[in-house]
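To start, the structure under review is shown below, and the notes come after it.
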Amino acid sequence: MASTFFTSFDIPNTLDLKKHNHHPLKNQTRPKTRFYCNNSSKSPKTTKPDLSDEPKKQNPSLSQQLQTLSTTILSDTPQKNNQTSQLLSKPKSIWVNPTKPRPSVLNLQRHKKTSYVHNPQIRDLRMFSKKLNECENDKDVFFKVLDDIPHPPTRENALLVLNSLKPWEKTVFFFDWIKEKEFFPMETIFYNVTMKSLRFGRQFQLIENLALEMIENGIELDNITYSTIITCAKRSNLFDKAVEWFERMYKTGLMPDEVTYSAVLDVYAKLGKVEEVMSLYERGRASGWTPDAIAFAVLAKMFGEAGDYDGIRYVLQEMKSLGVKPNLVVFNSLLEAMGKAGKPGLARSLFEEMVAADIAPDAKTLTSLVKIYGKARWARDALDLWQRMKSNGWPMDFILYNTLLSMCADLGLQEEAEKLFDDMKGSDNCKPDSWSYTAMLNIYGSGGHVDKAMTLFDQMSKENVAVNVMGCTCLIQCLGRAKRMDDLVTVFETSLKKGIRPDDRLCGCLLSVVSYCENSDDLDKVIACLQQANPRLVSFVNSLEGNTEFEKVKEEFKGILNNTEVEARRPFCNCLIDICRKRNLDERAHELLYMGTMYGLYPGLHTKTSEEWRLNVRSLSVGAAHTAFEEWMGTLSGMVNRQEPLPELLSASTGAGTHKYSQGLANAFESHVTKLSAPFRQTEEKPGVFVASREDIMSWVQSKV
DNA sequence: CTAGGGTTAG
């Protein structure tokens with residue numbers, strides 16, 4: 001059975017905001033995730049170890065209070081709703097005994113650290129620890145060095161050494177030694193220090209063993225012990241263990257302090273259990289807790305991961321009303337969260353707020369912001385930011401460099417990227433890696449600068465930087481467009497030899513080259529590459545010709561799509577349609593478009609209002625757009641012939657080619673329309689939108705008869 | 001890493 005404390009998560013979701021009246025902001029918009037409570041009964045299932053060895057000093061007031069809670073409002077009985085409404089109107093009625101203070105879920109007093117005792121032997125011991133750390137990580141070697149300990153292992157001396165040992169194996173050697181030799185009685189702090197070292201080594205099992213040993217030997221586990229155990233479990237993704245040890249604290253009568261409490265908030269946050277986090281948060285608040293910046297950073301990150309903008313606002317307003325000033329980490333978490341919630345403008349103003357508050361941004365801050373501006377395609381803001389980074393001397397690091405480069409690649413900022421790339425080459429710690437090169441290959445590739453791209457590729461071999469699958473894809477795309485098939489084959493083969501495993505994007509890229517190959521020599525070369533990467537796709541391409549039955553094509557196409565990453569499915573379909581168009585297999589092209597639509601690859605292809613019907617071909621390749629247009633015109637002709645009503649306006653949207661890969665669609669569409677002498681005209685106000693009136697269409701259809 | 005909690009790319 002779960003502890004009484006955690007059954008409290010069964011509070012109905014409609015309740016949990018109003019159950020505490022202390023909120024100064026109770027009328028504000030609440031985080032949207034707080035309304036979903038469907039998984040709150042699924043708090044992590046834990047296998048409880050036998051607790052019989054633990055001291056039975058239950059904290060009466062806590063368990064009593066929590067018992068009260070669980071029996072009063074949290075039962076699974078049908079009267080829950082009645083109690084809910086009572087609670088809403090009279091929150092205080094939940095306490096059975098009003099003379100008792102509110103149940104507290106955390107201790108507002110932090111664990112006090114023992115005061116530092118000056119140790120004159122500190123220098124010697126430090127040197128000695130260093131020797132221990134530098135010796136081979138082997139038990140015998142370690143003990144040989146240990147023989148020369150310069151001072152007797154008193155409590156203070158041992159602690160000093162224990163504190164500075166790494167890696168964890170050595171800490172354990174030393175710990176076992178002082179324990180075995182019984183120089184002095186073991187205390188909690190020795191276990192805590194050892195656990196901390198084990199945590200660096202992610203040795204959760206050893207930490208848990210030590211904790212059980214403490215229980216067995218009657219050594220008190222304090223908040224430091226628990227928070228170390230909990231955070232180690234968390235970092236090892238053993239969330240059920242983290243929760244288990246948190247619950248165990250209450251059972252043994254120990255109240256978490258704010259450090260342990262916010263560590264647990266983070267455990268639930270990382271599990272995505274927003275409801276549980278907010279329940280804990282509010283219970284903490286109701287216990288008189290004023291969360292600090294760290295707790296708010298946890299909440300901010302959690303709401304960011306959930307893309308929950310209301311949640312982010314809630315965090316901001318809570319901090320404001322509680323008078324907690326955000327620090328650098330909180331700002332960073334909030335900025336990141338704003339990005340994930342898709343609010344670039346608010347991220348920008350938050351950043352200005354941060355600078356105005358005299359908090360200097362660090363590389364993480366700037367990385368978040370660059371990412372946000374890049375994603376929003378705000379080239380000017382991104383470049384302004386970069387300018388400010390340079391003039392203010394704001395810190396750069398490797399990740400920030402690469403993020404800037406990727407942003408430049410996304411926005412097609414070639415000159416800026418070249419400058420950054422050169423800066424990286426000239427730096428000491430931020431030499432370009434495969435991602436930096438990939439960004440450059442992306443820029444040169446999409447800009448059609450084949451030679452520059454190839455030079456980079458050669459440079460990578462010389463600099464011993466491994467090409468990755470994305471870099472390979474960018475390069476192959478560019479070589480394909482330039483019809484440099486021999487280079488394309490070389491790059492593909494070299495990459496395979498270097499261990500690149502072609503993914504669906506790379507296959508899609510090869511398939512697109514197939515779709516515009518002008519002669520059979522070229523075609524054979526590219527097909528040979530594709531054959532190595534995805535033979536099934538090649539045989540499917542071959543089956544498109546001739547009179548393969550539709551049902552067979554459909555089954556195979558479905559199978560292929562099912563084995564393809566979602567993001568590559570539409571490109572596959574687009575390329576296959578293009579291939580059909582190129583080979584005058586128009587009927588097959590229509591079949592493929594039909595299937596693609598069936599399988600949801602083209603959502604929103606056709607939208608209708610009472611005044612206007614629109615064909616949206618922005619996400620289609622040229623051949624697919626032609627096919628879709630023909631299909632549509634066929635439908636419209638049929639309707640005209642059957643004298644069915646049409647809307648006043650018919651339009652087709654190709655997009656104006658602002659995206660680097662969509663250029664040319666509007667032009668190709670225009671010439672196709674001209675070829676069919678269809679009455680669509682590109683509007684001047686909206687480039688990339690072609691319109692025709694009902695009358696135009698009707699007379700065009702009738703003229704064809 | 002001087003006993004415990006929070007933030008960074010693809």
Side-chain angles (χ1 to χ4, degrees), chain A residues 106 110-114 116-117 119 122 125-126 129 133 156 159-168 171 187-201 207 221-232 234-235 242 246 256-267 269-270 291-302 304-305 326-337 339 361-372 374-375 395-407 409-410 433-439 442 468-471:
Chain A
L106 87 165
R110 271 234 209 163
H111 191 289
K112 280 199 289 285
K113 290 205 177 181
T114 43
Y116 174 75
V117 186
N119 189 336
I122 193 163
L125 288 164
R126 271 195 189 291
S129 305
N133 282 341
E156 274 67 36
L159 208 45
L160 210 136
V161 173
L162 192 64
N163 243 317
S164 45
L165 285 181
K166 62 182 176 186
W168 61 269
T171 314
E187 300 164 33
T188 303
I189 189 169
F190 290 94
Y191 281 89
N192 288 350
V193 171
T194 305
M195 283 184 182
K196 188 186 170 190
S197 175
L198 285 166
R199 195 183 63 173
F200 278 109
I207 287 186
L221 283 75
D222 61 15
N223 257 289
I224 297 176
T225 321
Y226 279 108
S227 59
T228 310
I229 298 170
I230 289 166
T231 53
C232 180
K234 180 177 72 184
R235 289 175 199 184
F246 181 55
D257 64 12
E258 75 169 328
V259 174
T260 313
Y261 203 72
S262 52
V264 169
L265 283 186
D266 193 42
V267 168
K270 295 228 149 55
D292 63 4
I294 292 176
F296 284 118
V298 168
L299 295 187
K301 165 132 197 196
M302 172 183 77
E305 293 297 327
N327 63 15
L328 177 62
V329 177
V330 173
F331 270 115
N332 286 353
S333 304
L334 284 167
L335 283 170
E336 179 83 14
D362 66 1
K364 286 178 186 167
T365 321
L366 300 164
T367 300
S368 293
L369 216 51
V370 168
K371 237 173 85 185
I372 290 168
K375 202 173 139 198
M396 295 282 287
D397 69 4
F398 188 58
I399 294 178
L400 180 51
Y401 264 118
N402 273 346
T403 306
L404 276 164
L405 267 182
S406 302
M407 183 270 296
D410 287 342
D433 72 346
S434 67
W435 283 94
S436 328
Y437 274 97
T438 300
N442 189 355
N468 62 27
V469 68
M470 181 178 167

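Below, read A as the first sequence line, B as the second, and so on, with proteins coming before strands; counting in each chain starts at 1.
- Protein atom CZ of A:Phe331 is 15 Å distant from nucleotide atom C1' of B:dG6, rounded to whole Å.
- Between A:Lys196 and the phosphate of B:dA3, there is no side-chain N or O to OP1/OP2 separation shorter than 4.0 Å.
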Residues A:Lys371, A:Glu336; criterion salt bridge (Lys or Arg N to Asp or Glu O under 4.0 Å); working and verdict: CA-CA 9 Å; A:Lys371 237 173 85 185; A:Glu336 179 83 14; 3.7 Å; yes
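- Within the structure, every side-chain polar atom (N or O) of A:Arg235 is placed at least 4.0 Å from both OP1 and OP2 of B:dG4.
- For A:Asp292 and B:dG5, a side-chain-to-base donor-acceptor distance below 3.5 Å is present, hydrogens and geometry of angles not being considered.
- Atom OG1 in A:Thr365 sits 3.5 Å away from atom CG in A:Asn332 (nearest 0.5 Å).
- Under 3.5 Å, the side chain of A:Thr260 and the base of B:dG4 form at least one donor-acceptor pair of N or O atoms.
- For A:Phe296, the ring-ring contact (aromatic ring centres under 6.0 Å, His included) criterion is met by no residue, not counting sequence neighbours.
- Contact of A:Asn402 with B:dA9 (side chain to base): a donor-acceptor pair of N or O atoms is detected under 3.5 Å.
- Base contact: A:Asp433 has a heavy atom under 4.0 Å from a base atom.
- OP1 or OP2 of B:dG5 has not a single side-chain nitrogen or oxygen of A:Lys234 nearer than 4.0 Å.
- For A:Ser262 and B:dG5, a side-chain-to-base donor-acceptor distance below 3.5 Å is present, hydrogens and geometry of angles not being considered.
- Below the 3.5 angstrom threshold, one finds a donor paired with an acceptor across the side chain of A:Asn327 and the base of B:dG6.
- At B:dT8, one or more side-chain N or O atoms of A:Lys301 fall inside 4.0 Å of OP1 or OP2 (strictly under the cut-off).
- Side-chain atoms of A:Asp222 stay outside donor-acceptor range of the base of B:dG4, with no qualifying N/O pair under 3.5 Å.
- Rounding to the nearest 0.5 angstrom, the gap separating the OG1 atom in A:Thr194 from the CD1 atom in A:Ile189 is 10.0 Å.
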